[in-house]
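Comments concern the structure below.
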Amino acid sequence: SAVVFPKKIATEQQSLMLVKRLLAVSVSCITYLRGIFPESAYGTRYMDDVCVKILREDKNCPGSTQLVKWMLGCYDALQKKYLRQIVLAVYTQPEDPQTVTECYHFKFKYTHNGPLLDFGSKDKKSDATITCADTKRASILLIRKIYILMQNLSPLPSDVCLTMKLLYYDEVTPPDYQPPGFKEAEDRGLMFNEEPMYLNVGEVPTPFHMLKLKITTEKQRMENVDKSILKQGETAEPLQVCGVSRHHPAESQDM
């Protein structure tokens, strides 16, 4: 359905629903604008006045169906407050999924008796002062920046594969927890063949959650991007690419 911003985010459930929808819109926009799936794998929705594409299960596109299943696994971990980070990685050699060409990192923070993760925002408001207007403004800005960035990055190779890794708050996550569609991963990080560039796209706060998106791509793809769309200093902090992953999909899907 359309991403409708509630007039008030009074409950954790309202916040969770908004974060799930925002995650779905973000992943859908990224895969659509990077040309990973065909047009038939998407439906059209509206997020306020912004027209967005939403990934759906398409029997003619097994890859999109697989990614939708992965997203449902993410929702399970998000709902349980276990999920710390999603790493959506694009790679070109099916036999070497550890060497990637582009990475999307979605980081999550929970408040009100959940794990806390300080993203270090100098101007971050306290949880008590976050309003619906703040959340709506940040959400639309995040999607707009995704659109601008994706349309300016040079194209990916024609044949790419996707994989998704999930990282958890280990202090609260049962050691045997496996979200649907995922299995235990070997403790190996991700590597880039070419020099990577790190981009902080944005963050969206609610009184109960924080979602933050970072992108790592090969520097050569950044040549056409207008640097003014990125805040000054945002690329100064290198993104930790070689993080430990406890789980990854039961199978990586060739797209």
side-chain contact (heavy atoms from CB on, under 4.5 Å) assessment of Y91 paired with T99: CA-CA 6 Å; Y91 60 103; T99 302; over 6 Å; no
Give the C-alpha distance, both sets of side-chain angles, the deciding distance and a yes or no for side-chain contact (heavy atoms from CB on, under 4.5 Å) between V90 and C161. CA-CA 6 Å; V90 180; C161 305; over 6 Å; no
Please assess D76 against Y177 for the test side-chain hydrogen bond (donor to acceptor under 3.5 Å, both in side chains), listing each intermediate value before the final yes or no. CA-CA 11 Å; D76 185 80; Y177 172 71; 2.4 Å; yes
D170/T173 under side-chain hydrogen bond (donor to acceptor under 3.5 Å, both in side chains): CA gap, chis, key distance, verdict: CA-CA 5 Å; D170 287 333; T173 307; 5.3 Å; no
Hey, mind stepping through S64 and Y42 against side-chain hydrogen bond (donor to acceptor under 3.5 Å, both in side chains) and telling me if it holds? CA-CA 9 Å; S64 69; Y42 299 87; over 6 Å; no
Let me see the working for I30 and M150 under side-chain contact (heavy atoms from CB on, under 4.5 Å), right down to the final yes or no. CA-CA 7 Å; I30 288 165; M150 298 302 98; 4.2 Å; yes
If you apply the rule side-chain contact (heavy atoms from CB on, under 4.5 Å), what do you find for T92 with D159, and how did you get there? CA-CA 7 Å; T92 56; D159 292 323; over 6 Å; no
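Using a 4.5 Å heavy-atom threshold, the side chains of T217 and C103 count as separate. Here the side chains of M191 and V100 are not in contact, with every heavy-atom distance at 4.5 Å or above. Contact check for K53 versus T44: side-chain heavy atoms found under the 4.5 Å cut-off. With contacts defined as side-chain heavy-atom distances shorter than 4.5 Å, the pair E194/T101 does not qualify. Residues S26 and I146 have side chains in contact (heavy-atom distance under 4.5 Å, counting atoms from C-beta outward). Side-chain contact check for M222 versus L199: some heavy-atom pair is nearer than 4.5 Å. Using a 4.5 Å heavy-atom cutoff, the side chains of R144 and V50 are in contact. Contact check for M71 versus M164: side-chain heavy atoms found under the 4.5 Å cut-off.
Once rounded to the nearest 0.5 Å, the distance linking CG of L167 with NZ of K107 reads 9.5 Å. Rounding to the nearest 0.5 Å places CG of L88 at 10.5 Å from CD1 of I215. Taking CG of L33 as the start and OG of S28 as the end, the distance is 10.5 Å to the nearest 0.5 Å. Interatomic distance, OG of S139 versus CG of L211, reported as 8.5 Å (0.5 Å rounding). Remark: Y169 OH to L83 CG distance equals 8.5 Å, nearest 0.5 Å. Atoms OH and NZ, on Y75 and K80 in that order, are 15.0 Å from each other to the nearest 0.5 Å.
A salt bridge is defined here as a Lys NZ or Arg NE, NH1 or NH2 lying under 4.0 Å from an Asp or Glu carboxylate O, and E203 with K109 fails to meet this definition. Ionic pairing of R221 and E102 is present here: one or more N-O contacts between side-chain nitrogen and carboxylate oxygen are shorter than 4.0 angstrom.
Under 3.5 Å, the side chains of K59 and T65 contain no donor-acceptor pair of N or O atoms. A donor and an acceptor atom, one from each side chain of T131 and D134, are located under 3.5 Å apart. In the model, Y32 has a side-chain atom that pairs as donor or acceptor with a side-chain atom of E39 under 3.5 Å. Using modelled atom types, one finds a donor on one side chain and an acceptor on the other under 3.5 Å when comparing K20 with Q79. Side chains of N152 and Y147: a donor-acceptor N/O pair is absent below 3.5 angstrom, by distance only.
Within a 6.0 Å radius of NZ in K69, other residues, nucleotides and ligands contribute 12 heavy atoms or fewer.
Linking Ile, Leu, Val, Met, Phe, Trp and Tyr whenever their side-chain heavy atoms come within less than 4.5 Å leaves L78 and M17 in two separate clusters.
For the residue pair W70 and L162, the shortest heavy atom distance occurs at CH2-O, 3.5 Å. Minimum interatomic distance between K145 and V201 (heavy atoms only, all atoms of both residues): NZ-O, 3.1 Å. What you find for C51 and Y46 is that their closest heavy atoms are CB-CE2, 3.6 Å. Shortest non-hydrogen contact noted between G73 and P179 is O-CB, 3.5 Å. For the residue pair R34 and L156, the shortest heavy atom distance occurs at NH2-CG, 3.6 Å. Here the shortest heavy-atom pairing between E218 and F192 reads CG-CD2, 4.0 Å.
Checking side-chain atoms of N200 against main-chain N and O of G202 turns up no donor-acceptor pair under 3.5 Å. A distance-only check finds no donor-acceptor pair linking the side chain of Q66 to the backbone of P62 [under 3.5 Å].
Partner of S15 under the side-chain contact (heavy atoms from CB on, under 4.5 Å) criterion, out of I9, I130, T135, T111: I9 alone.
For H209 and F108, the gap between ring centers reaches or exceeds 6.0 Å. Ring centroid separation for the pair Y168 and Y82 does not come in under the 6.0 Å cut-off.
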